Amino acid sequence: MIDRRRRSLLKAGLASTVALASMPGALPGAGAAAPKNRVVAKSPFARIVEVGDGIFAVMSTPLDSAGNFATPQTLCNGGLVVGDERILSIDGYYQPEGAAWVNEQAKRLFGRPVSDVICTHLHLDHTGGLAGFQDGATGPEIYMTASTWAMMVAQYSSGSPVEGTPFLAPPARLVGPTRVIEDESQSYAMDLGGRSVTIMPLSGHTPSDLAILVDDLPITFGGDLAWWGLFPNYVDAVPSKLAPSVETLMSGESRLMVTGHGGLVSTEDMGPYVELIASIDKAALQARERGWSPEKAGEAYKMPPSTADWGFFNPRYPQRAIAAWYREWELATP
Ligand SMILES: [Zn+2]
């Protein structure tokens with residue numbers, strides 16, 4: 001059962017999304033902001049934590065104690081930003097069941113459903129659950145960049161054959177945007193009634209990422225530009241953009257970072273994550289100088305001591321990260 005789930009996750013392109021040996025609850029940093037944060041909802045797959053007045057982090061707990069994807073309903077971390085008029089969900093989660101649960105919690109806690117969803121990037125652990133927000137003919141506005149939607153169609157509109165039929169099954173019940181962000185060269189304000197957020201286009205985890213900054217409180221939803229306690233996924237990364245984007249998110253006054261995977265962390269404490277990214281950049285450059293393959297470089301790679309206790313389930317993660325650099329260099333070579 002678990003194996004089948006894991007295989008379908010692998011097929012869905014999530015091979016390197018959240019693989020680790022330990023439970024997220026036990027991850028370094030997972031409880032960093034916990035003492036002052038109130039848990040307002042809990043399920044086997046996620047808990048919703050109030051991280052500021054009317055600001056909630058959805059913290060996913062997809063793995064069982066053996067490290068299997070036993071409860072992947074939400075899979076990514078996301079959140080809710082509650083305004084007087086609108087309730088924003090950060091990301092659409094992996095399965096409709098996960099998104100529907102988040103929506104039910106919004107109705108239970110605030111008396112109204114999610115009115116808007118911003119998808120931080122294309123990956124299915126952030127977009128595959130979007131259908132769960134729909135209630136009959138009613139559903140939220142769904143925001144994503146034009147290139148995120150184009151990449152979703154490119155990656156997920158085909159699938160594996162359905163036995164005994166001539167049809168292919170895509171890896172998720174895809175739902176597209178109702179509001180498209182065409183221009184990624186500027187930030188956007190979204191008014192929720194009595195409070196607003198800034199939608200900041202960036203890139204690095206993928207060619208098109210969005211971070212969401214709460215305007216009246218120092219809280220940022222970093223999507224998968226920010227990981228804590230887990231080696232990041234580079235499957236669609238643009239490595240040359242990743243470190244600058246992380247630097248942008250860490251700049252200015254300290255803010256609480258709701259990461260895409262792993263624990264909550266203050267931006268001023270994200271040094272180990274920056275070191276981890278820098279160590280990959282360095283390993284990739286060295287590998288290129290030595291003429292090594294990503295495989296060989298991945299085997300030789302050592303994580304910086306500051307991240308030695310980070311989740312590192314899949315031994316091929318560094319190889320994938322170095323391969324992302326190689327991909328970028330090939331693209332840059334005429
Ligand atoms: Zn993710």
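Bear in mind that the values here come from a model prediction, so they are computed numbers and not experimental data. Just follow the structure's listing: the first ligand is 1, and inside any ligand the first atom is 1. Sequence positions, counted from 1, serve as the residue numbers for this chain.
Here His126 reaches the Zn ion (ligand 1): one of its N/O/S atoms is less than 2.8 Å from the metal.
Ring geometry for Phe56 versus Phe110: interplanar angle of 30 to 60°, hence tilted. Aromatic ring pairs are classed by plane angle as parallel below 30°, tilted from 30° to 60° and perpendicular above 60°; the pair Tyr234 and Phe231 is tilted.
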- Task: Applying side chain to side chain donor-acceptor pair (under 3.5 Å), run through Asp91 and Thr120 and close with a yes or a no.
- Result: CA-CA 6 Å; Asp91 271 326; Thr120 59; 2.8 Å; yes
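Taking the N/O/S atoms of Asp125 in turn, the shortest distance to the Zn ion (ligand 1) belongs to OD2.
Judged purely by distance below 3.5 Å, without hydrogens or angles, the side chains of His261 and Asp125 pair a donor atom with an acceptor atom.
Rounding to 10°, one obtains 100° for the angle at the Zn ion (ligand 1) between NE2 (His261) and OD2 (Asp224).
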